Structure formats: C-alpha cells, structure tokens
Amino acid sequence: MVKLKLLTAAALAAMTLAAPMAASAQEATGLAATAPKEIVPATPLPDVPRNQTVVLGWGVAASSPIGVTNPWALPGYTHQEGNVFMWEPLMYFAIFKGEYIPWLADSMEYTDNTFTALEIKLNPGAKWSDGQPVTAKDVKYTFDGQLNNDKLPYHAHFDQFVQSTDIVDDQTVKVTFKVPAPRFKFEVLTEKFDTGIPIVPEHWLSQQPDVNMAPGSVDIPHSGPYDLKAWNANQKIFDYRPDWWAVAAGRIAEPAVKRIVIANITGVSMDTVAQRVVNNEFDSALDMRSSVIGNILAQNPEITTHTGSESPYGYLDWWPNSLWMNTQLEPYNDPRVRRAISLVINRDQINDVLYDGAKIATIYPFPLYPNLQAFADSPAVKALEEQYQPGKFDPEESKKLMEEAGFTMNGDGLWEKDGKTIDGTIQGFEGIHSDIVPILVEMLRQGGFDAAINFGPDAYQNMADGKAGFYMFGHGASLYDPFEALNLFHGKYSNAIGTSAGNNRFSRYKNPEFDQILDSIAPLSSDDPKFQEGAAKALGIYWRDQIDVPIIQWLHRIAYNQHYWKNWPTQANPAMGTNGAFWAQTGTLVITSLQPTGAQ
C-alpha cells in the first residue's frame with residue numbers, strides 16, 4: 001500500500017540535500033508569509049495499491065515553493081513539479097503527429113485568412129474541481145490577466161498582439177488582434193513541451209487581494225484530474241478525483257492511475273535515481289545521460305525508452321543545442337572566426353562516439369519535428385545547405401579563415417592575436433552536458449581554440465552577461481515552423497554589452513537585412529509560399545553569418561519502467577502522439593493514458 005510515508009528511511013536520508021533547497025526557495029519568494037511550509041492532510045490518506053500508484057523521480061520544491069499551485073503566483077510557480085496535473089489548456093499539441101488535441105476547447109479557429117481574429121468554442125461539459133462550469137468568463141479573465149498584468153509569463157505576447165477578448169456566449173470567446181497573429185493559437189494558447197497557458201478560474205482568482213501573491217495550495221479550483229493531497233520537502237502526492245469532467249465528456253477513458261507520488265531527487269546523484277528505477281521503486285524519472293540509461297536497460301528488462309533498448313534511447317526534445325557566443329564581443333564579432341569554429345566540429349564523430357551512429361548532431365537551430373523536417377527538406381533550404389555547407393568539417397579551411405582574420409598559431413598550437421588566445425571556455429551544465437562538452441573541448445583545442453569547461457554555478461550568468469567564451473545552450477523556440485527559432489536573432493533583442501541578455505537570446509546579433517525578412521513573414525501562415533521563401537532566406541543568413549554553431553539535437557532519454565505500468569508513449573507506441581516527459585505541459589496525457597500491467 002502507498003501511504004504518505006512511502007519513502008524509506010534510507011531514501012529520505014539520501015535525499016536530505018533537497019530540503020535546504022526547498023527552504024531557500026520558500027524564503028526567496030514573497031509568498032513565504034502565505035504559503036505553507038508543508039501540506040499535511042487533515043486526516044490520513046487512504047491506502048492506494050502500488051498497481052494504482054505512479055511513483056516519479058523529480059523535484060518537488062526546487063523551483064516552486066511548497067504550497068504554490070496558482071499558475072499566476074510569482075515568483076515561484078512551475079508546472080514541472082506536478083502542478084501540471086491540476087491545470088489544463090484550451091488545446092494540447094501532439095508533436096509527433098503534428099495535430100491539435102482539443103481539450104477545454106472543442107475548436108479554436110481564425111475567422112479568416114488575415115489572422116486578425118480567433119473564435120474559441122469551449123466544451124460545455126468542462127468543469128472546475130469545485131463543480132462550477134468552465135465558461136467564456138474564465139477564458140476572458142485568463143486572457144485579460146495576461147494582457148494587463150506585466151508579471152505574468154505571456155504578458156509580452158498579449159500586449160504585442162491582443163486588442164480585445166470578448167464573450168459571445170457562455171461557451172464562445174472572440175479574440176481580436178492588433179496585427180495579424182498567425183502563430184498565436186499555437187505558440188501561446190496551445191500547451192506542448194513547456195509552453196502555452198492554462199485557463200484559470202475567474203470565480204476564485206478574482207476574489208484574491210493580489211493574484212500574484214495567492215499561493216493556491218489545496219484550495220484553488222482546478223480543471224485537471226488530480227487533487228494535491230500532501231507536500232513536503234521529500235515528496236508530493238496527488239490523488240485522482242472521480243468527477244474529472246474529461247471522462248464524461250469523452251476526451252479520455254477513466255484513468256487507471258489513482259495516485260501520483262513525486263519523490264524529490266533534487267541534489268541526489270543520477271546513479272542513485274537510476275538504481276531506484278531499476279529496483280521498480282520509480283516508474284520514471286528525470287531524463288538521463290546515455291551511459292546511465294544504457295546501464296538501466298541492461299539491469300532490468302522491464303524498462304524501456306522512447307527507442308526501446310536501441311540507441312539513442314530518447315526522442316527529440318524542443319531544445320537543440322549550439323555553441324552560442326556574444327557576436328558584439330571581439331573576436332566573436334567576426335563571422336570568419338565563428339565559421340572557423342564550426343569547421344573544427346566533427347559532427348559525424350559526435351554521432352559515432354555519443355550516439356552509436358544515430359544522426360543527432362545538427363546544423364539547425366530548431367528540432368526536426370514533422371513540419372520542420374519538411375521545411376528542412378524543401379528545395380530552397382537544400383540549395384542553401386549546399387551553398388553554405390553548415391555541417392562541414394574542414395580544419396584546413398578553418399585555418400585559412402583564422403589567418404585571414406589576423407590570427408597566428410603560437411607555440412602551444414593555439415590561435416593568437418595581439419598576444420592573446422581566443423577564450424574558448426564553454427559555459428554549460430554538468431548534469432546535462434557532461435558527455436558532449438568534453439568532446440567539444442578536445443575538438444576545439446585540436447583546431448587551435450583555447451577551450452576549457454566551466455560547469456560552475458556562474459555558467460548561466462556568464463551567458464546572460466555576454467562574457468567571453470562559448471555558451472552550450474538550446475533554442476527553446478520553434479516546434480511547428482522555423483519562425484520562433486529564427487526570431488531569437490532579431491535585432492530588437494540585441495542587448496548592448498554591459499546589459500543582461502534576456503530570455504536566453506545570448507547572441508546579441510543585429511542585421512537589418514535579417515530583421516526585414518523576419519518582419520515581412522511574421523504576418524504569414526506557415527504554409528504560405530512567401531513564408532517558406534522568406535524563412536529559407538533567413539536560415540541562409542543564419543548559416544552564412546554563423547550566428548551560432550549548432551551542435552546537437554537535444555534528446556530526452558527517459559526510462560519507463562513497465563513493471564507496474566505500460567502504454568508509455570514511445571516510438572513503437574505513439575499513443576496520443578505527445579512527448580513522454582511527465583513534467584511537460586502534456587504530462588497529464590502521459591499519466592492518464594497509462595495502463596496497469598497486472599503486477600501487484
């Protein structure tokens with residue numbers, strides 16, 4: 001039976017590193033006075049059999065202070081630590097099918113091909129956990145909040161695009177845009193990976209003195225299938241509520257998972273986490289490096305991954321990684337130097353060494369999901385790829401470019417100019433980059449660049465501050481068409497040296513030609529031939545100017561333990577077509593689609 005004291009004494013001892021982090025998160029937020037230090041059920045929780053319980057290894061209070069379940073609570077709310085199981089969007093997106101999944105909304109359509117108005121029709125059966133219906137009033141309140149409250153995460157998007165949100169009837173909302181907004185439906189109103197907004201309850205939030213200071217806790221009405229029952233620094237427990245509207249409305253079958261236990265792994269070694277997956281204690285956990293997940297598969301045949309027991313053990317995440325650099329800072333402001341850096345990266349070797357030959361190394365700033373793969377395969381893009389050869393490995397050509405840029409090779413085999421070598425320190429994150437970055441350092445040093453590794457706590461701040469060196473980081477932007485990834489490099493986001501680069505736009509690139517192309521295609525839909533033509537030109541400039549150096553598509557290598565639960569979303573079992581990260585915005589679909597194996 002699974003009870004609140006699920007974790008063993010040994011497991012709790014192993015996880016004590018998580019408690020100080022949870023406490024510091026609590027103290028760092030203005031919600032400390034109102035959010036509880038711990039949520040304890042008023043009466044003991046009922047026993048739930050293990051074969052009705054999913055146990056997940058993740059964080060429970062590293063980003064979201066204990067008690068914060070209100071999506072508008074700032075700072076401190078995150079969907080990733082289980083709150084996703086309480087909240088729902090108008091629609092989800094099945095990334096591997098390229099399809100919308102209607103949810104709170106039955107339909108969400110632009111009224112004509114000018115993309116200046118959007119009509120949303122809600123499902124009449126949608127209800128909050130307190131029994132009140134989800135209506136157009138809630139949608140308008142959600143949208144008006146994002147528009148008028150500059151503390152909310154999508155305020156900038158609403159401020160840029162939304163003129164008004166009007167209630168037509170209880171189930172119908174019309175959104176009028178200031179300018180054509182062909183991507184607003186997908187980028188903002190649809191949940192996928194870590195983007196998109198949930199609809200919030202007007203009747204509860206409107207009664208709070210400060211919507212940003214209301215933690216929510218167990219009191220806030222929510223439309224999702226699980227109620228928060230308990231939460232401390234070691235674990236977080238959600239129980240299924242049998243009156244979840246989506247079952248009666250025909251959205252999904254009655255979920256077999258009646259309890260979700262999230263065990264805190266913050267500060268715990270991945271070897272320890274992996275062993276708990278092997279031991280059938282965890283049904284899934286945070287994504288892992290290839291060597292770790294390979295060992296898991298070897299130890300327990302009931303465990304699988306997105307690609308089964310075959311490399312690369314994962315699916316393409318939305319975060320392809322590049323070596324970014326501050327293009328305003330010498331010598332990284334010279335496109336010849338940036339190109340020379342790319343030319344010493346052997347992407348075929350990366351594929352062979354890290355991925356057993358799987359094609360994970362990339363030349364694109366976006367992930368190759370179905371629509372983006374079609375764009376990459378288009379004749380216009382293929383012609384530009386042939387012209388610029390962005391994946392080329394050619395140390396001799398790199399050498400010529402460096403000499404042309406005024407550098408000479410010193411006695412240590414490093415490029416030097418005015419007595420200085422090029423600072424090639426790679427800022428990155430040990431937990432996710434410990435496999436790839438050492439390989440890149442060796443390639444760069446062989447190519448004459450003074451490379452090193454910084455996995456220190458200042459790594460991200462160095463990226464944001466535009467310090468010398470390289471930044472191993474992803475492009476969390478495009479999923480359906482290339483616009484958002486290319487838009488990361490628009491000149492309007494080019495912050496001056498001495499200021500912080502906001503929203504992970506580290507390149508500080510500025511090019512009026514590039515900006516003009518993006519501005520011209522922004523009002524066009526993804527399938528418009530003029531959009532395709534302009535996006536290809538912009539990608540050509542990305543390659544021509546080597547704005548950053550694309551390295552790898554990012555993988556989520558997640559272990560799925562099938563001892564108690566099956567029907568995890570994998571390549572062989574695409575299920576609803578979503579990615580398999582239970583912590584993503586589509587995590588509710590992952591967990592509610594699981595089926596018991598029959599194990600006790």
Side-chain angles (χ1 to χ4, degrees), residues 95-98 193 270 274 277 284-301 303-323 342 344-377 381-382 385 389-393 428-429 431-443 472-476 478-479 485 548-560 568-575 577-581 584:
I95 193 66
F96 296 115
K97 290 184 177 179
F193 291 95
M270 287 310 294
V277 176
S284 190
L286 175 69
D287 58 312
M288 303 175 182
R289 307 286 64 78
S290 59
S291 59
V292 175
I293 204 160
N295 288 334
I296 288 176
L297 293 168
Q299 292 182 59
N300 187 336
I303 296 171
T304 191
T305 71
H306 183 75
T307 55
S309 58
E310 302 297 324
S311 180
Y313 310 124
Y315 62 82
L316 291 185
D317 188 38
W318 71 309
W319 203 59
N321 274 217
S322 288
L323 288 177
S342 183
V344 301
I345 303 300
N346 189 333
R347 292 170 177 82
D348 289 337
Q349 187 177 8
I350 289 172
N351 285 333
D352 291 339
V353 171
L354 281 185
Y355 305 107
D356 296 332
K359 304 298 183 183
I360 303 303
T362 191
I363 57 175
Y364 305 103
F366 46 76
L368 294 176
Y369 295 129
N371 282 62
L372 287 160
Q373 182 70 67
F375 171 74
D377 291 340
V381 171
K382 284 300 180 186
E385 182 182 340
Q389 301 183 62
K392 187 177 184 181
F393 172 65
F429 309 98
I432 59 175
H433 291 139
S434 58
D435 53 359
I436 181 64
V437 165
I439 294 173
L440 294 175
V441 166
E442 182 61 25
M443 290 178 177
M472 189 69 178
F473 204 82
H475 306 76
S478 287
L479 292 167
D548 62 20
V549 179
I551 301 294
I552 54 173
Q553 296 279 345
W554 193 252
L555 290 178
H556 263 171
R557 287 169 287 206
I558 304 172
Y560 305 122
W568 297 94
T570 64
Q571 190 175 64
N573 176 42
T578 62
N579 62 306

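The structure presented is a predicted model; accordingly, all values stated were derived computationally and were not measured.
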**Heavy-atom side-chain contact between Ile439 and Val353 under 4.5 Å** = yes
**Message:** Testing the 3.5 Å rule here: is there a donor-acceptor pair between the side chains of Asn295 and Gln299?
**Reply:** no
**Message:** For a quick test of reading the model, state the closest non-hydrogen atom pair linking Pro438 to His433 and the distance between them.
**Reply:** CD-O, 3.8 Å
**Evaluation steps, side chain to side chain contact (heavy atoms under 4.5 Å, CB included), between Asn300 and Val277** = CA-CA 9 Å; Asn300 187 336; Val277 176; over 6 Å; no
**Request:** For residues Phe375 and Tyr364, establish whether the separation of their ring centroids is below 6.0 Å.
**Result:** no
**Request:** Would you confirm whether Thr305, through its side chain, and Ile558, through its main-chain N or O, come within 3.5 Å as a donor-acceptor pair?
**Result:** no
**Asked** Roughly how far, to the nearest 0.5 Å, is the OH atom of Tyr369 from the CD1 atom of Ile95?
**Response** 5.5 Å
**Request:** Determine the minimum heavy-atom distance between Val292 and Ala274, stating which atoms define it.
**Result:** CG1-CB, 3.7 Å
**Flag if over 12 foreign heavy atoms under 6.0 Å of NZ, Lys359** = no
**Request:** For Ser342 and Arg347, work out which heavy atoms get closest and say how close.
**Result:** OG-NH2, 3.2 Å
**Asked** Which distance, rounded to the nearest 0.5 Å, do you find between the CG of Leu479 and the CG of Leu316?
**Response** 11.5 Å
**Message:** Restricting to ring pair (Phe, Tyr, Trp, His ring centres under 6.0 Å), what partner residues turn up for Tyr560, sequence neighbours left out?
**Reply:** Trp568
**Asked** What's the spacing between Asp356 CG and Asn351 CG if we round to 0.5 Å?
**Response** 10.5 Å
**Request:** Check Pro312 against Leu555 and note the closest heavy-atom contact, atom names and distance.
**Result:** CB-CD1, 3.5 Å
**Prompt:** To the nearest 0.5 Å, what is the distance between CZ (Arg289) and CD1 (Ile432)?
**Reply:** 7.0 Å
**Message:** To the closest 0.5 Å, what do you measure between OG1 (Thr304) and CD (Gln571)?
**Reply:** 10.5 Å
**Asked** So among Trp554, Phe429, Phe366, which one has a ring-ring contact (aromatic ring centres under 6.0 Å, His included) with Trp319?
**Response** Trp554
**Request:** Over all heavy atoms of both residues, which pair between Ser478 and Ala485 is shortest? Give the atoms and the distance, please.
**Result:** OG-N, 2.8 Å
**Prompt:** Which pair of heavy atoms, one from Met288 and one from Leu286, lies closest together, and at what distance?
**Reply:** CG-O, 3.4 Å
**Asked** So how far is it from Ile551 CD1 to Ile350 CD1, rounded to the nearest 0.5 Å?
**Response** 5.5 Å
**Request:** Answer yes or no: does atom CD of Glu310 have more than 12 heavy-atom neighbours from other residues, nucleotides or ligands under 6.0 Å?
**Result:** no
**Message:** Using only atom types and a distance under 3.5 Å, with no angle test, would you say the side chain of Tyr315 pairs donor to acceptor with the backbone of Arg557?
**Reply:** no
**Prompt:** So, Thr362 side chain and Ile552 main chain: donor-acceptor pair closer than 3.5 Å or not?
**Reply:** no
